[in-house]
Protein chains: 2
Amino acid sequence: MAKHPAFAVTVDLVVLTIRADTLQALVVQRGEQPFKGQWALPGGFVHEDEDLAAAASRELQEETALSREEVHLEQLATFGAPQRDPRMRVVTVAYLALAADLPKPRAGTDAADAQWQPAADLLEGDRLAFDHTEILSAGVERARSKLEYTPLATAFCPTEFTVSELRSVYEAVWGGPLDPRNFHRKVTKSEDFLVPTEHTTTRDGGRPARLYRCGPVNLLHPPLLRVGRTN
Amino acid sequence: MAKHPAFAVTVDLVVLTIRADTLQALVVQRGEQPFKGQWALPGGFVHEDEDLAAAASRELQEETALSREEVHLEQLATFGAPQRDPRMRVVTVAYLALAADLPKPRAGTDAADAQWQPAADLLEGDRLAFDHTEILSAGVERARSKLEYTPLATAFCPTEFTVSELRSVYEAVWGGPLDPRNFHRKVTKSEDFLVPTEHTTTRDGGRPARLYRCGPVNLLHPPLLRVGRTN
DNA sequence: ACAAAAGTGTTATTATTACACCCATGA
DNA sequence: TCATGGGTGTAATAATAACACTTTTGT
């Protein structure tokens with residue numbers, strides 16, 4: 001094989017959670033040039049003998065102190081435009097992480113600060129460093145569409161959750177209200193989506209609600225299509 | 001920023017087409033070590049100042065002589081396990097290309113031969129070099145599921161095609177028969193999926209069939225779910 | 001008692017399936 | 001005329017959307 005150019009390879013993370021009924025993303029404030037002081041997605045270089053998913057996992061742990069088991073982590077897409085990093089040729093493999101409300105994030109090694117910000121705010125204008133607006137946008141769109149066809153929404157919930165907590169995830173990610181009664185029926189009838197526990201809770205007020213755990217299904221049949229809402 | 005390891009970055013292509021009512025993938029026979037003589041997906045190094053999509057496009061052209069306009073090309077996923085290439089650390093960005101029946105492929109620079117082989121055959125056992133079985137598998141799965149929700153199936157058809165030609169794409173990719181009458185209604189009623197032309201053809205035999213072009217829609221509503229088939 | 005959220009019933013509309021049947025061509 | 005696929009009609013079933021209504025708690 002002929003000679004070939006050398007690239008730096010990084011992983012960047014789109015970490016999403018629901019806070020205050022809003023879809024929020026984890027951003028860090030850059031402590032170094034370029035883009036010093038601007039917000040960016042957390043991320044870092046892939047190590048010499050490290051798998052891509054392992055690098056994503058490690059970066060996630062560094063920023064959130066959460067283990068792989070508590071978070072849904074999947075590869076999102078790879079970005080490698082020649083000038084996306086002004087210093088050198090960097091190809092970044094973006095990962096999407098979803099988690100229930102997390103502890104206050106901690107700043108990583110080259111970050112001055114880390115915090116949650118509403119995804120909608122971050123996506124307007126071009127607030128983020130590098131091509132991170134584009135990466136975040138891809139992550140949000142992936143989350144939105146996977147909610148339709150997969151039980152992914154449960155990744156935003158604690159281990160045991162009520163139907164209305166699950167509904168508020170859909171409402172936050174899709175950005176609109178859903179009928180509580182039809183939603184309830186749909187998700188509870190959907191085979192293996194939710195498994196009921198023995199417990200109930202009144203933490204949401206009103207009549208006690210049954211607590212569920214996420215079931216073994218990978219694909220929802222039928223899907224919970226966003227477009228279902230006529231109006 | 002600290003120092004970082006150097007990676008080689010390649011693009012690999014999962015090029016799919018329908019030939020003889022079967023989903024087939026383009027494979028090349030390796031002319032060099034490692035895996036010399038084995039079949040592999042076409043691909044190659046990303047150039048110094050080249051975008052990833054441009055590299056994929058270039059490799060596609062080198063193998064198939066087809067321009068970007070005639071082929072659907074989308075990023076699939078990135079593979080970067082530390083030992084996936086025994087020579088050095090290589091991260092590969094896989095692209096999925098779909099096209100109507102293509103001219104005989106030509107072998108690229110380091111390939112001894114290039115040919116179409118049924119995807120199902122390539123996927124059984126571990127026939128392909130490197131981790132290419134895994135990459136092909138991801139490509140086939142992506143195609144299968146995008147057929148449900150997007151008008152992607154038209155990418156396997158010539159510019160003008162009949163409903164039954166479109167149906168045979170679904171049948172080849174999903175691997176089973178569909179009801180011609182219900183399929184016809186579904187796709188023709190689906191808003192902006194197909195736009196009728198003035199022409200008809202009798203190339204499939206029987207009564208002349210109207211020719212369609214693919215419409216402007218990006219997402220099918222409602223989707224053509226695979227699971228629709230009860231039995 | 002009352003508010004608030006959980007959960008069930010009902011009805012109209014739409015999508016899906018299965019399959020009977022007619023249509024337009026080539027041989 | 002007959003075989004072949006193109007295309008429409010129809011009835012049973014299932015999913016959806018809209019919303020009335022009952023249930024069970026906390027205050």
Side-chain angles (χ1 to χ4, degrees), chain A residues 21 147-149 157 160-171 174 176-212 217 219-231, chain B residues 21 147-149 157 160-172 174 176-213 217 219-231:
Chain A
D21 289 328
L147 252 55
E148 301 192 316
Y149 307 115
C157 294
E160 299 200 343
F161 53 87
T162 67
V163 170
S164 77
E165 286 160 359
L166 183 65
R167 176 166 46 84
S168 72
V169 168
Y170 279 88
E171 291 175 333
W174 286 349
L178 296 170
D179 185 296
R181 299 155 297 182
N182 291 334
F183 181 85
H184 186 281
R185 217 175 340 219
K186 247 168 136 162
V187 297
T188 54
K189 297 269 155 72
S190 183
E191 194 79 19
D192 288 334
F193 183 12
L194 302 182
V195 307
T197 68
E198 295 305 305
H199 321 122
T200 60
T201 181
T202 56
R203 66 192 178 214
D204 304 322
R207 169 175 166 180
R210 164 139 276 112
L211 286 163
Y212 294 85
V217 83
L219 226 46
L220 301 181
H221 292 308
L224 275 70
L225 300 175
R226 265 186 275 191
V227 294
R229 293 160 298 169
T230 18
N231 310 322
Chain B
D21 289 328
L147 253 54
E148 301 193 315
Y149 306 116
C157 294
E160 299 199 344
F161 52 88
T162 67
V163 170
S164 77
E165 286 161 0
L166 183 65
R167 177 166 47 83
S168 74
V169 168
Y170 279 88
E171 291 175 332
W174 286 348
L178 296 170
D179 186 296
R181 298 153 303 179
N182 291 334
F183 182 85
H184 185 280
R185 218 174 342 219
K186 248 169 137 163
V187 297
T188 53
K189 295 270 155 71
S190 185
E191 193 80 20
D192 288 333
F193 183 11
L194 301 183
V195 307
T197 67
E198 295 306 305
H199 322 122
T200 59
T201 181
T202 55
R203 64 191 178 215
D204 304 323
R207 169 176 166 180
R210 162 138 277 114
L211 285 164
Y212 294 86
R213 293 167 170 274
V217 84
L219 225 47
L220 301 180
H221 292 308
L224 276 72
L225 299 176
R226 265 185 276 188
V227 294
R229 294 158 299 169
T230 17
N231 312 323

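Letters A, B, ... mirror the listed sequences (proteins, then strands); counts begin at 1.
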A.B. asks: Using atom CD of A:Glu165 as one end and atom C1' of C:dA6 as the other, report the distance to the nearest whole Å.
C.D. replies: 13 Å
A.B. asks: Can you measure A:Arg226 atom CZ to D:dT16 atom P for me and round it to whole angstrom units?
C.D. replies: 16 Å
A.B. asks: I need the residues from residues 195-206 of chain B with at least one non-hydrogen atom less than 4.0 Å from DNA chain D; give them sorted by number, or say none.
C.D. replies: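 Only B:Asp204, B:Gly205, B:Gly206 qualify.
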A.B. asks: Roughly how far apart are B:Glu191 CD and B:Leu220 CG, rounded to 0.5 Å?
C.D. replies: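 Reported value, rounded in 0.5 Å steps: 12.0 Å.
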A.B. asks: Restricting to non-hydrogen atoms, name the atom on A:Asp179 and the atom on A:Asn182 that form the minimum distance, rounded to 0.1 Å.
C.D. replies: OD1-N, 3.0 Å
A.B. asks: A:Leu211 has an atom CG; how far is it from atom P of D:dT25, in whole Å?
C.D. replies: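 So the CG-P distance, A:Leu211 to D:dT25, works out to 14 Å.
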A.B. asks: Starting from the 5' end of DNA chain D, give me the residue, A:Pro222 or B:Pro180, whose nearest nucleotide shows up first.
C.D. replies: B:Pro180
A.B. asks: Over how many whole Å does the gap from B:Leu178 atom CG to D:dG5 atom P extend?
C.D. replies: 16 Å
A.B. asks: When the distance from CZ of A:Phe183 to C1' of D:dA15 is rounded to whole Å, what number comes out?
C.D. replies: 16 Å
A.B. asks: Just jot down the salt bridge (charged side-chain N to carboxylate O under 4.0 Å, His left out) partners of B:Arg207, sequence neighbours excluded, or say none.
C.D. replies: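 Testing B:Arg207 for salt bridge (charged side-chain N to carboxylate O under 4.0 Å, His left out), a comparison that skips the adjacent residues, returns none.
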A.B. asks: Applying salt bridge (charged side-chain N to carboxylate O under 4.0 Å, His left out), can you list everything that pairs with A:Arg210, at least two apart in sequence or on another chain?
C.D. replies: none
A.B. asks: Side chains of residues 194-204 of chain B: which donor-acceptor partners sit under 3.5 Å, not counting sequence neighbours?
C.D. replies:
{"residue": "B:Thr197", "atom": "OG1", "partner": "B:His199", "partner atom": "N", "Å": "3.1"}
{"residue": "B:Thr197", "atom": "OG1", "partner": "B:Leu211", "partner atom": "O", "Å": "2.9"}
{"residue": "B:His199", "atom": "ND1", "partner": "B:Glu160", "partner atom": "OE1", "Å": "3.1"}
{"residue": "B:Thr201", "atom": "OG1", "partner": "B:Arg203", "partner atom": "N", "Å": "3.0"}
{"residue": "B:Arg203", "atom": "NE", "partner": "B:Glu165", "partner atom": "OE2", "Å": "2.5"}
{"residue": "B:Arg203", "atom": "NH2", "partner": "B:Glu160", "partner atom": "O", "Å": "3.3"}
{"residue": "B:Arg203", "atom": "NH2", "partner": "B:Glu165", "partner atom": "OE1", "Å": "2.8"}
{"residue": "B:Arg203", "atom": "NH2", "partner": "B:Glu165", "partner atom": "OE2", "Å": "3.2"}
{"residue": "B:Asp204", "atom": "OD2", "partner": "B:Thr162", "partner atom": "OG1", "Å": "3.0"}
{"residue": "B:Asp204", "atom": "OD2", "partner": "B:Ser164", "partner atom": "OG", "Å": "3.4"}

A.B. asks: Would you compute the distance between atom CG of A:Leu178 and atom CG of A:Leu166 and round it to the nearest 0.5 angstrom?
C.D. replies: 10.0 Å
A.B. asks: Please list each protein N or O that sits under 3.5 Å from an N or O in nucleotides 19-23 of chain D, with the distance.
C.D. replies:
{"residue": "D:dA20", "atom": "N7", "partner": "A:Arg181", "partner atom": "NH1", "Å": "3.2"}
{"residue": "D:dA20", "atom": "N6", "partner": "A:Arg181", "partner atom": "NH1", "Å": "3.4"}
{"residue": "D:dT23", "atom": "O2", "partner": "A:Arg207", "partner atom": "NH1", "Å": "3.0"}

A.B. asks: Taking the six-membered ring for Trp, are A:Phe161 and A:Tyr212 ring centroids under 6.0 Å apart?
C.D. replies: no
A.B. asks: From the list D:dG6, D:dT25, D:dT16, which nucleotide is the closest neighbour of the side chain of B:Ala209?
C.D. replies: D:dG6
A.B. asks: Kindly write out the residues that satisfy side chain to side chain contact (heavy atoms under 4.5 Å, CB included) with B:Tyr149, not counting sequence neighbours, or none if the list is empty.
C.D. replies: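 Expected list: A:Tyr149, B:Pro223, B:Leu225.
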A.B. asks: A:Ser190 side chain to A:Lys186 main-chain N or O, any donor-acceptor pair under 3.5 Å?
C.D. replies: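 Here the side-chain-to-backbone pair does not exist.
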A.B. asks: Both B:Tyr212 and A:Pro208 contact DNA chain D. Which one's nearest nucleotide lies toward the 5' end?
C.D. replies: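 It is B:Tyr212 whose nearest nucleotide is closer to the 5' end.
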A.B. asks: Could you give the CG-to-P distance, from A:Leu166 to C:dA5, as a whole number of Å?
C.D. replies: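 In whole Å, C:dA5 P lies 17 Å from A:Leu166 CG.
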A.B. asks: What distance do A:Leu219 atom CG and A:Phe193 atom CZ have between them, rounded to the nearest 0.5 Å?
C.D. replies: 11.5 Å
A.B. asks: Whole angstrom is fine here: how far is it from CG in B:Leu194 over to P in D:dG7?
C.D. replies: 11 Å
A.B. asks: When you get a sec, tell me which of C:dG7, C:dT16, C:dA6 is the closest nucleotide to the side chain of A:Arg167?
C.D. replies: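 In terms of side-chain proximity for A:Arg167, the closest of C:dG7, C:dT16, C:dA6 is C:dA6.
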A.B. asks: Roughly, in whole Å, what's the span from NE2 in B:His221 to P in C:dT14?
C.D. replies: 17 Å
A.B. asks: NA contact type, A:Thr162, heavy-atom cut-off 4.0 Å: base, sugar-phosphate, or nothing?
C.D. replies: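 The residue A:Thr162 makes no contact with any strand.
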A.B. asks: Students often get this wrong, so: under 4.0 angstrom with heavy atoms, is A:Ser164 touching a base, only sugar-phosphate, or nothing?
C.D. replies: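 Sugar-phosphate, backbone atoms only, no base.
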A.B. asks: Return no unless some side-chain N or O of A:His184 is found under 4.0 Å from OP1 or OP2 of C:dA6.
C.D. replies: no
